[in-house]
Amino acid sequence: MPLQIGIFGRGRLGSAIAAAADRTDDLEVAWLVGHEATERPSPVDVALDVSHADGVDDHLTWARATGTDLVIGATGWDPTLLTVGRRDQEVGTDAHHQSIGILTAPNFSLTVALLRRLTITLGRYAAASPEHLDVAVSEVHHTRKVDAPSGTAVLLRDALAEATARPAHGIQTTSLRLGEVVGRHDVHLTGASESITLTHEAHTRDVFALGALTAARWIHGRRGTFTFDDLADDVIDPLFSSTTT
């Protein structure tokens, strides 16, 4: 039986996820709804929320009430919603008794997860260097993207802050909104004598759609709260381990 998925969000990413799922044999889209929906959708195996930040509260409440695993790909929402909050109390749902799998992802690209790991290494190098090295993050997205900095830029900024033991607000983070750019993120390390820049650029939204479907498969049947980085642990971390044959 194919895994039944539902999608909150009829924007470009939601539509791309639905189209990518239609090309698979193991996934089936049960519904795709936007903010204009007036009725709560039926339970599915996994729901993906790629709508807006202000919808996450309602979608979390619905997922807990129906026992539906949930992937959250919206950005700019309040992470404290992952704990049992006022919305659950209002509808009489106890998230501790209605256990589901929740995966949060500011970015659905496994390559971005790889970039985060390289960013941590770069930050550690900056922290250990006898020469002062500036570190920064810059990002460019299309003009319709509302949040700035992007969730991915925040992810990379926080990785630099952790690795350098510098406050996150002290890591330069700049945003541009230009034309139809799908998404570009740069991590900079610059000193007096040399510099390094790590770059990830998405050419189409297909990479995010495929990553979202990978997240849906991975979270189904798990219990608890996870991040896309937890998924990446299974896929990417073994690449950093040296093996001898």
Side-chain angles (χ1 to χ4, degrees), residues 9 11-21 23 48-53 71-76 103-126 133-164 168 171-191 194-216 218 227-237 239-240:
R12 293 189 175 192
L13 181 54
S15 298
I17 292 171
R23 295 191 294 269
L48 298 101
D49 185 357
V50 289
S51 59
H52 298 286
V71 174
I72 305 174
T75 58
L103 184 147
T104 63
N107 188 296
F108 284 120
S109 167
L110 278 169
T111 310
V112 167
L114 172 61
L115 177 61
R116 177 183 174 276
R117 285 155 171 76
L118 297 175
T119 297
I120 290 173
T121 301
L122 205 67
R124 289 173 178 166
Y125 178 83
L133 298 172
D134 292 319
V135 293
V137 176
S138 60
E139 55 102 352
V140 186
H141 280 87
H142 55 86
T143 55
R144 294 174 302 284
K145 186 168 181 62
V146 177
D147 56 317
S150 67
T152 302
V154 171
L155 180 77
L156 298 173
R157 179 203 66 191
D158 291 349
L160 279 177
E162 173 190 339
T164 58
I171 305 295
Q172 297 181 73
T173 307
T174 60
S175 302
L176 290 174
R177 297 292 173 260
L178 302 172
E180 297 296 324
V181 178
V182 174
R184 173 180 170 132
H185 295 85
D186 296 285
V187 180
H188 308 270
L189 181 148
T190 302
E194 59 186 351
S195 63
I196 297 176
T197 301
L198 304 175
T199 299
H200 176 272
E201 184 166 6
H203 301 301
T204 74
R205 289 175 178 79
D206 288 346
V207 64
F208 305 124
L210 294 174
L213 297 181
T214 298
W218 188 90
T227 68
F228 195 76
D229 207 49
D230 293 316
L231 182 160
D233 284 344
D234 291 345
V235 179
I236 295 176
D237 285 2
L239 302 177
F240 288 87

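FYI, side chains are in, hydrogens and waters are out, and symmetry mates aren't considered; it's all heavy atoms of this structure. Not measured: the values here are computed from a predicted model.
Sorted by first and then second residue, the salt bridge (Lys or Arg N to Asp or Glu O under 4.0 Å) pairs involving residues 105-115 (not counting sequence neighbours) form an empty list. The salt bridge (Lys or Arg N to Asp or Glu O under 4.0 Å) contacts involving residues 114-125 comprise R116-D229, R117-D229, R117-D233, R117-D237, where partners must be two or more places apart or lie in separate chains.
For the residue pair A215 and L103, the shortest heavy atom distance occurs at CB-CD2, 4.0 Å. Smallest separation of non-hydrogen atoms from V135 and A126: CG1-CB, 4.0 Å.
Atoms OG1 and CZ, from T121 and F240 in turn, are 6.5 Å apart once rounded to the nearest 0.5 Å. Once rounded to the nearest 0.5 Å, the distance linking CD1 of I236 with CG of L239 reads 7.0 Å. Here the CG atom belonging to L48 is positioned 10.5 Å from the CD1 atom belonging to I72, to the nearest 0.5 angstrom. Here the CD1-CG distance, from I120 to L115, works out to 10.5 Å after rounding to the nearest 0.5 Å. Rounded to the nearest 0.5 angstrom, L189 CG and L122 CG are separated by 4.5 Å. Atom CG of L133 and atom OG1 of T190 lie 8.5 Å apart (nearest 0.5 Å).
The side chain to side chain donor-acceptor pair (under 3.5 Å) check on T164 picks up nothing, with sequence neighbours excluded. H188 meets the side chain to side chain donor-acceptor pair (under 3.5 Å) test with S138; sequence neighbours excluded.
With 3.5 Å as the limit, one finds a donor-acceptor pair spanning the side chains of W218 and D234.
Counting only heavy atoms from C-beta outward, the side chains of V50 and I17 approach each other to under 4.5 Å. T119 is listed as a side-chain neighbour of L198, based on a closest heavy-atom distance under 4.5 Å.
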Going by atom type alone, with no hydrogens or angles, which donor-acceptor pairs under 3.5 Å involve a side-chain atom of residues 140-162 and a protein atom two or more places apart or on another chain?
unit_1 : atom_1 : unit_2 : atom_2 : d
H141   : ND1    : E139   : OE1    : 2.7
H142   : ND1    : R144   : N      : 3.3
H142   : ND1    : K145   : N      : 3.3
R144   : NH1    : E180   : OE2    : 3.2
R144   : NH2    : E180   : OE1    : 3.0
K145   : NZ     : D147   : OD1    : 3.2
D147   : OD2    : T75    : OG1    : 2.8
S150   : OG     : A153   : N      : 3.0
S150   : OG     : H185   : NE2    : 3.0
T152   : OG1    : N107   : ND2    : 2.9

Side-chain donor-acceptor pairs under 3.5 Å in residues 199-214, sequence neighbours left out?
unit_1 : atom_1 : unit_2 : atom_2 : d
T199   : OG1    : D186   : OD1    : 2.4
T204   : OG1    : D206   : N      : 3.2
T214   : OG1    : L210   : O      : 3.1

